[in-house]
Protein chains: 2
Amino acid sequence: MPAESGVTIYQVAARAGVGIATVSRALRGSGPVSRRSREKVERAVRELGFRPSQLGVSLARGKHAANGIVFPDLSGPYYAEVVIGYEETASRLGRSVLICSTRGRDDIGATVLGFASRVDGLVILGHDVDDTTIAAVLAARLPTVLLARPAVGTADTLNTENRRSAKALAEHLISHGHRALRFVGDPARAPDVRERYAGLRAGLRAHGLPCRAPLRCALTDEAGRYAVHELLKSERPDALVCANDEVALGALQAAAEVGLRVPADVAVTGWDDVMAARHTGLTTVRQPMRDLGAKAAAALDELISGVRITPRHDVLPTEPIIRRTCGPH
Amino acid sequence: MPAESGVTIYQVAARAGVGIATVSRALRGSGPVSRRSREKVERAVRELGFRPSQLGVSLARGKHAANGIVFPDLSGPYYAEVVIGYEETASRLGRSVLICSTRGRDDIGATVLGFASRVDGLVILGHDVDDTTIAAVLAARLPTVLLARPAVGTADTLNTENRRSAKALAEHLISHGHRALRFVGDPARAPDVRERYAGLRAGLRAHGLPCRAPLRCALTDEAGRYAVHELLKSERPDALVCANDEVALGALQAAAEVGLRVPADVAVTGWDDVMAARHTGLTTVRQPMRDLGAKAAAALDELISGVRITPRHDVLPTEPIIRRTCGPH
DNA sequence: TTGTAGGCGTTATCAT
DNA sequence: ATGATAACGCCTACAA
């Protein structure tokens with residue numbers, strides 16, 4: 001006795017004194033139904049509290065009428081915003097949204113494959129799902145959109161711009177007199193981080209400045225705090241260009257702990273523009289996260305409905321947000 | 001051509017030279033199968049890349065093997081954390097998770113009812129869904145858990161403690177010499193806020209102090225900022241007890257704008273312990289949000305599997321987190 | 001305009 | 001141990 005009232009289309013038909021086909025047509029508007037029949041059906045539906053079983057509908061149609069989204073986590077505003085944008089658009093397009101977090105899972109491949117068998121299309125967010133698994137999903141002919149992740153096979157791809165904004169950020173810092181810019185984060189761990197680091201390097205190079213090796217750490221405030229704290233014991237960079245806001249927030253804490261003023265003694269920048277960034281005056285780069293989700297839903301819809309068959313690869317622009325932590329106004 | 005490979009159990013049976021019943025049994029382990037048959041089936045499955053259609057399985061079993069969760073939004077860490085906790089536990093219990101945001105929707109009732117017909121059980125988070133709709137869901141005999149929301153009918157209920165912690169917070173402020181405590185937020189808009197306000201009043205009353213009317217505003221940083229900014233033009237409370245962290249963050253901004261120091265000139269407290277709270281030194285109250293989601297999933301599982309039939313109403317404890325903004329350590 | 005019948009892909013019963 | 005066969009609830013030619 002799942003969701004549906006338990007009432008079947010047969011009972012409605014019986015009560016209305018018509019055939020099930022008429023009930024179906026009346027409900028879906030999928031064929032001619034006399035005014036009289038329609039009214040009888042509507043009344044029977046009301047009296048019985050009939051709600052069509054999604055299971056029946058889906059099986060008959062061969063469609064789940066549901067899309068999936070796979071993401072690494074929902075803590076931290078980044079992914080959550082994407083999911084919200086996705087849900088908003090998907091539901092407007094009449095599709096339910098199934099979620100699947102890979103957080104702390106050991107069998108990601110199998111999980112995603114199972115998940116894929118419950119949806120008409122899939123969005124995969126981030127790089128927790130390996131290429132092999134994605135290839136398998138594509139082999140099952142499941143429409144797929146990859147988000148914030150390098151391309152695989154024929155899947156659509158949707159990314160946000162990293163390099164250009166990172167370079168702009170670096171040049172902004174340089175123009176304010178900063179010279180020793182140090183990147184905080186691990187380029188090896190994520191393509192996005194790699195590109196941000198590349199942008200920083202490009203900015204430095206353009207001004208004939210050297211670039212030190214990145215200060216590697218995980219993308220959490222605690223990791224950033226620890227790494228930067230250790231760093232500041234022995235070195236004094238002009239600016240800390242952090243891989244994301246959380247790391248930057250950790251860096252701010254570390255600076256405070258060792259008695260350094262921001263931005264007077266050291267500048268700090270992040271990436272994402274999370275809420276905490278606004279409230280700490282953190283200079284950062286804003287990504288259109290909700291848009292990203294919405295665009296993914298729209299792209300997936302095109303793929304599922306067959307309106308488009310050739311893959312598309314989009315890159316959404318990002319925008320540096322200059323605040324207090326990167327220097328005098 | 002949804003997720004599943006397109007291969008059916010009949011093709012597998014044919015290839016393996018057995019009946020479909022044997023294939024089903026072999027795959028599910030739901031009955032005796034000879035070693036020999038099992039091997040033939042396994043090989044056929046592998047060769048054909050067979051994956052059972054969830055639609056077929058669900059229809060035959062009369063179960064969606066999926067739970068739903070309805071929430072107001074995912075921006076802001078509160079709901080996102082709950083959803084994560086929920087997904088984690090639900091998926092461990094072998095159930096997929098469907099999400100439904102009510103954000104910016106006009107037809108919430110209809111949306112939720114439609115949503116309900118796609119799941120075996122439902123968690124409803126917050127008070128965006130009205131009692132009538134919930135009653136309708138319950139009438140459809142759908143197992144339901146209400147989260148952070150007053151009880152309705154026979155649904156399970158799971159809440160976090162508000163009043164006691166609010167009172168404790170008030171008494172902490174009072175013990176630090178604060179007298180003119182002002183509540184910021186609108187008790188009329190949410191039961192949680194109402195209880196937090198009640199707790200504040202109780203704390204003041206216990207010390208023979210008067211309690212002013214709440215400074216009403218929406219639960220966003222912008223609303224809090226504006227309301228407090230206006231307030232501080234004409235009044236000088238000792239402490240601002242905010243309905244949640246976002247409002248409190250807005251209050252911090254407002255205080256800074258009018259040149260007031262926190263906590264020297266005015267203390268500020270929030271509620272939720274979001275990331276930004278940690279990084280601004282905001283005194284707040286921590287709620288076990290992920291736990292809340294996990295417990296909801298577990299409760300729902302009991303209801304769905306029929307292990308328990310009588311409703312349960314739990315209240316999870318909360319914990320004041322004393323930081324910088326409420327006064328000298 | 002309407003109803004009958006077949007099909008969607010499983011599971012599960014029940015003879016064998 | 002195994003395989004027909006009947007559900008499951010709906011949609012949709014097709015025939016009337």
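Reminder, nothing fancy here: chain letters follow the sequence lines and each chain counts from 1. These figures come from a predicted structure and were not determined experimentally.
Under the side chain to side chain contact (heavy atoms under 4.5 Å, CB included) criterion, S101(B) pairs with I84(A), E87(A), F71(B), R103(B), not counting sequence neighbours.
No side-chain donor-acceptor contact under 3.5 Å links R105(A) to the backbone of D107(A). With Y86(B) contributing its side chain and L292(B) its backbone, the two residues share no donor-acceptor pair below 3.5 Å.
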Can you list, pair by pair, the side-chain donor-acceptor contacts under 3.5 Å of residues 25-34 of chain A, counting residues two or more places apart and other chains?
from	atom 1	to	atom 2	distance (Å)
S34(A)	OG	S37(A)	N	3.0
S34(A)	OG	S37(A)	OG	3.0

inquiry  = Using a 4.0 Å heavy-atom cut-off to protein, can you give one letter per nucleotide of nucleotides 3-16 of chain D, 5' to 3': B if the base is in contact, S if only the sugar-phosphate is, - if neither?
reply    = BBB--BBBBB----
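Counting to the nearest Å, the C1' atom of dT2(C) and the CZ atom of R38(A) are 14 Å from each other.
The environment of CZ in R308(B) is crowded: more than 12 heavy-atom neighbours from other residues, nucleotides or ligands sit within 6.0 Å.
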